[in-house]
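All chains are named by letter (A, B, ...) in the order of the sequence lines, taking the proteins before the strands, and each is independently numbered beginning at 1.
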There are 2 protein chains.
Amino acid sequence: MTTETDKTTTEETMTIREMCDLFEVTPRTLRFYESKELIFPIREGTRRHFTRRDRARLKLILRGKRFGFSLEEIRQLLDLYDMGEGKTVQLARTYELAQQHLDEMKGQREELDRAIAELETQMEWGARELEKRRSNAA
Amino acid sequence: MTTETDKTTTEETMTIREMCDLFEVTPRTLRFYESKELIFPIREGTRRHFTRRDRARLKLILRGKRFGFSLEEIRQLLDLYDMGEGKTVQLARTYELAQQHLDEMKGQREELDRAIAELETQMEWGARELEKRRSNAA
DNA sequence: AGACGAATTGACGTGAACGTAAATGAAACG
DNA sequence: CGTTTCATTTACGTTCACGTCAATTCGTCT
């Protein structure tokens, strides 16, 4: 009977410093994210202890940021990921929200594809010009 | 002999209002971009006149923004596009810079692909749960 | 000439996402 | 027990990309 609150899944918590080193963020950032309810470190007295869940969320937060999502938007997405972990509450609304985000992301990808293609063209030009100049200089 | 300063290429300029309507930006935005040397409208007295070049640049500016590039980064990229239009000055440095940006963009695309895949998995879950709930409610 | 609308120039304000400094508290070390 | 060493809280500061408002000025219409 190892299914109570499940202590098997190495619920080793981390200090704020360990988190900062692991994810390359500042303490300020982690506290800020907590204040915005993106992560929920446990409080032992005054100190914070970051759980596996916090780590998973932070990972997603940082990825979201790399795509230009706002922290508020990321918070919405995080809720979706949580759903997968069991509860499945209020799923319909969240599902819709994610669908929206997914559409945006796909649109963004298409545009990115076009932009990359254009840039590559531009750069072939550049490379040829570069070659010309090199041989002229010789 | 129609090749002097080239008046053939419909160099019709636009007022700030026309620009705003066409690109869905505010006057403030255009003036701001000018102050940051992203565009260079002609001055007739006090009024601005936006050229074809300004329009092309603005188009790229807005696209750059959609990818989360900062205005400063965009200014660098704009210089590259200008190269293609003739001068080809200082090409080597600019080329390198663009190569960097391209790599970043490609990396971003890969990550985006993975994220989309994950989200889609998550959403199949969601859709199934939704279906369960619908039939249970009936 | 007077009035009106459109454009311009400061200059201050704003929201997001933290940075940074000061004061305080807990804790570990010699 | 005193002193570093972290961590925390409070709070003001900062950068980016404009928004907003007031005071002019310019061109135009009557």
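Side-chain contact check for P41(A) versus T51(A): every heavy-atom pair is 4.5 Å or farther apart. In this structure the side chain of R57(A) never reaches within 4.5 angstrom of the side chain of Y33(A), judged on heavy atoms.
One finds no salt bridge joining E37(A) and R75(A) here, because no Lys/Arg side-chain nitrogen approaches an Asp/Glu carboxylate oxygen to under 4.0 Å. Between E34(B) and R43(B) there is a salt bridge, with a side-chain nitrogen of the basic residue lying less than 4.0 Å from a carboxylate oxygen of the acidic one.
The CG atom of L58(B) lies 10.0 Å from the CE atom of M14(B); values are rounded to the nearest 0.5 Å.
Around CD of E24(B), the count of heavy atoms belonging to other residues, nucleotides or ligands within 6.0 Å does not exceed 12.
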Nucleotide by nucleotide, 5' to 3', does protein get under 4.0 Å of the base (B), only the sugar-phosphate (S), or neither (-) in nucleotides 11-29 of chain D, counting heavy atoms?
------BBBB-----B---
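A chain of hydrophobic side-chain contacts below 4.5 Å, direct or via other Ile, Leu, Val, Met, Phe, Trp or Tyr residues, connects L22(B) to F50(B).
Judged by distance alone, the side chain of R52(A) and the main-chain N or O of E12(A) form no donor-acceptor pair under 3.5 Å.
A nucleotide of DNA chain C counts as in contact with chain B when one of its atoms lies under 4.0 Å from a heavy atom; the first and last such, 5' to 3', are dA6(C) to dT9(C).
Using a 4.0 Å heavy-atom distance criterion, R48(B) is classed as a sugar-phosphate-only contact.
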